[in-house]
Amino acid sequence: MANRSRDHAAFLDLCACLKGRIPPSTDWEGVLGLANRTLVTPALAGALRGQDARVPPEAAGMLHVIAERTAARNRMMHGQLTEAVAALAAEGIVPVLLKGAALLARRGPECDDRLLTDLDLMVREDEGPRAFVALEAIGYRRLDGPTETSPGQGANLGRERDVGGLDLHYRLKRIGRGRNLQWLVDACSPFAIGTGTVAMPSPAALTALFVLHDQLQEADYWRGRIDLRHLVDMARLAEEEGGLDGGKLAALFPPGRARRALAVQLDTLAAWLGVRVTIGERGWRVAFQRWRRDLQLRRPGLETALTLASCLADPPLGLFEHRGFSARSREIRRILLEQKATKV
């Protein structure tokens, strides 16, 4: 129980620090350990920049080193992205930037407050073969097995000289009818990178991608888990000029479960990082998820029981497809078994 209490306190301290507010008697060992595990240490360094006098010297020194190393890594990844975009442009392909790749392009090569593990780009499925040939010509090779490169999915690519991989996507997964690549392209605008051009999602579309990826594709809506790094990304997007319009954001999601997942994530954003974006979506399922996330943080041993309850309250299959009891059982089993060490 003592460890659980300490973990919960460290989480609350970390969220406060990510808002630039250092609580009295901060458990710095717990905060830094949790920040490292959830991949938000660069964001923490950025949030506390200029407050060295209030941070223990050892912790401040570590944050400075992390920021410097993140900036160096991102300069290399920005160069990698620029090269890949140029290779695709030579074939007349304009990729859509997803998630971290979009953030890196928006913030530039000197970005030091966001850690990237890979670059996510999306092209049309009929452009896939040409895109792969273009990237292969600059040294990329497939890293994934045959089950990951089935038609319509994409490919994980890499080169030995790079610090991160490149994931080439052909379609969006688990978001419902009508939310295909064209849906995303319609929410993008041209953005120049080096000699090439990409399709840059709007702040609302980029926020939607983070929510759809985490909540539905990785099933955090049912698990009650949160990718804190992506939540920080959403907070930063909300702070950009013009902010996030809740109505426009909600319109990107099909009604029903997907919009409920958005509402839950926005509630979490407000509760943990103090950024409020409202969409007017309520109901007992949203209220239940808000309650269970708070309870699960304080009592993580209840996660399995709460996940089963979530699957019964809002089944993971059935909104967009009806594939029978066995398919639903497999999906629930996947949700229960697949956990990410980088999430809280």
Side-chain angles (χ1 to χ4, degrees), residues 10 13-22 26 28-85 97-121 159 161-167 191-194 198 200-201 203 206-207 209-210 226-241 243 269 272-275 342-344:
D13 285 350
L14 174 57
C15 287
C17 288
L18 286 168
K19 292 183 284 186
R21 300 198 293 267
I22 303 175
T26 296
W28 286 103
E29 182 180 353
V31 165
L32 293 174
L34 185 57
N36 287 337
R37 181 167 68 81
T38 55
L39 307 180
V40 299
T41 310
L44 178 62
L48 299 182
R49 188 170 287 124
Q51 300 193 56
D52 284 2
R54 301 185 58 202
V55 181
E58 187 175 347
M62 173 187 169
L63 291 174
H64 281 300
V65 169
I66 292 295
E68 290 173 355
R69 291 182 177 179
T70 301
R73 177 186 177 88
N74 284 346
R75 281 193 292 272
M76 290 186 282
M77 293 200 75
H78 194 277
Q80 180 184 349
L81 177 62
T82 301
E83 185 183 7
V85 168
L97 298 190
L98 307 178
K99 299 187 296 180
L103 294 175
L104 179 62
R106 295 167 77 92
R107 298 178 189 176
E110 298 304 317
C111 168
D112 67 355
D113 61 356
R114 211 291 188 174
L115 180 66
L116 277 77
T117 54
D118 51 30
L119 298 169
D120 290 280
L121 283 68
R159 301 184 299 190
R161 66 177 181 267
D162 293 326
V163 295
L166 189 153
D167 290 350
F191 188 94
I193 298 181
V198 299
M200 175 66 74
L206 191 49
T207 298
L209 287 174
F210 285 125
I226 289 294
D227 188 315
L228 189 56
R229 181 178 55 153
H230 288 167
L231 204 69
V232 172
D233 292 335
M234 291 171 57
R236 288 286 303 273
L237 288 167
E239 292 164 0
E240 288 189 5
E241 185 177 356
L269 180 65
W272 292 3
L273 297 181
V275 178
T342 57
K343 298 191 178 185
V344 291

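The basis for the numbers below is simple: all heavy atoms, side chains too, and nothing from hydrogens, waters or symmetry mates. Since the model is a prediction, treat every value here as computed from it, not as a measurement.
- Using a 4.5 Å heavy-atom cutoff, the side chains of Leu32 and Leu63 are in contact.
- Taking OG1 of Thr207 as the start and CD of Glu240 as the end, the distance is 8.5 Å to the nearest 0.5 Å.
- Counting all heavy atoms, side chain and backbone alike, Ala10 lies closest to Val31 at O-CG2, 3.8 Å.
- Considering every non-hydrogen atom in both Ala101 and Asp120, the closest pair reads CB-O, 3.6 Å.
- Here the straight-line distance linking atom CG of Leu34 with atom CG of Asp13 works out to 10.0 Å at 0.5 Å rounding.
- Between the CD1 atom in Ile193 and the NE2 atom in His78 there is a gap of 6.0 Å [rounded to 0.5 Å].
- Between the CG atom of Leu104 and the CE atom of Met77 there is a distance of 7.5 Å, given to the nearest 0.5 Å.
- Contact record, Thr26 with Ile22: OG1-CG2, 3.6 Å, taken as the closest heavy-atom pair.
- For Asp113, the side chain to side chain contact (heavy atoms under 4.5 Å, CB included) partners are Arg107, Cys111, Arg236, not counting sequence neighbours.
- Residues Lys19 and Val275 form no side-chain contact, since every pair of their non-hydrogen atoms from C-beta on lies 4.5 Å or further apart.
- The shortest side-chain heavy-atom distance between Trp28 and Val55 falls under the 4.5 Å cut-off.
- The shortest non-hydrogen separation linking Arg229 to Leu39 is CD-O, 3.7 Å.
- A donor-acceptor pair is defined here as one N or O able to donate and one able to accept, closer than 3.5 Å; no such pair exists between the side chain of Gln80 and the backbone of Asp162.
- Leu97 places a side-chain heavy atom less than 4.5 Å from the side chain of Leu121.
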*Derivation of the side-chain contact (heavy atoms from CB on, under 4.5 Å) call for Leu81 and Val198*: CA-CA 10 Å; Leu81 177 62; Val198 299; 5.9 Å; no

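- Remark: side-chain polar atoms of Arg73 are not paired, donor with acceptor, to backbone N or O of Leu115 under 3.5 angstrom.
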Can I get a per-line list of side-chain donor-acceptor pairs under 3.5 Å for residues 44-51, giving both atom names and the distance, sequence neighbours left out?
from: Arg49; atom 1: NH2; to: Asp112; atom 2: OD1; distance (Å): 3.3
from: Arg49; atom 1: NH2; to: Asp112; atom 2: OD2; distance (Å): 2.7
from: Gln51; atom 1: OE1; to: Arg54; atom 2: NH1; distance (Å): 3.2
from: Gln51; atom 1: NE2; to: Gly20; atom 2: O; distance (Å): 3.0

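- Around the CD atom of Glu239, the shell of radius 6.0 Å holds more than 12 heavy atoms that belong to other residues, nucleotides or ligands.
- Here Asp233 contributes atom CG and Lys99 contributes atom NZ; the two are 10.5 Å apart, rounded to the nearest 0.5 Å.
- A heavy-atom distance below 4.5 Å is found between the side chains of Leu237 and Leu103.
- Judged as a side-chain hydrogen bond (donor to acceptor under 3.5 Å, both in side chains), and not counting sequence neighbours, the contacts of Arg75 are Glu110.
- Minimum heavy-atom separation, Pro201 to Leu206: CB-N, 4.0 Å.
- Taking CG from Leu98 and CG from Leu209, the interatomic distance works out to 6.0 Å, rounded to the nearest 0.5 Å.
- No side-chain heavy atom of Met234 sits less than 4.5 Å from a side-chain heavy atom of Leu273.
- The side-chain heavy atoms of Val40 and Leu231, taken from C-beta on, include no pair separated by under 4.5 Å.
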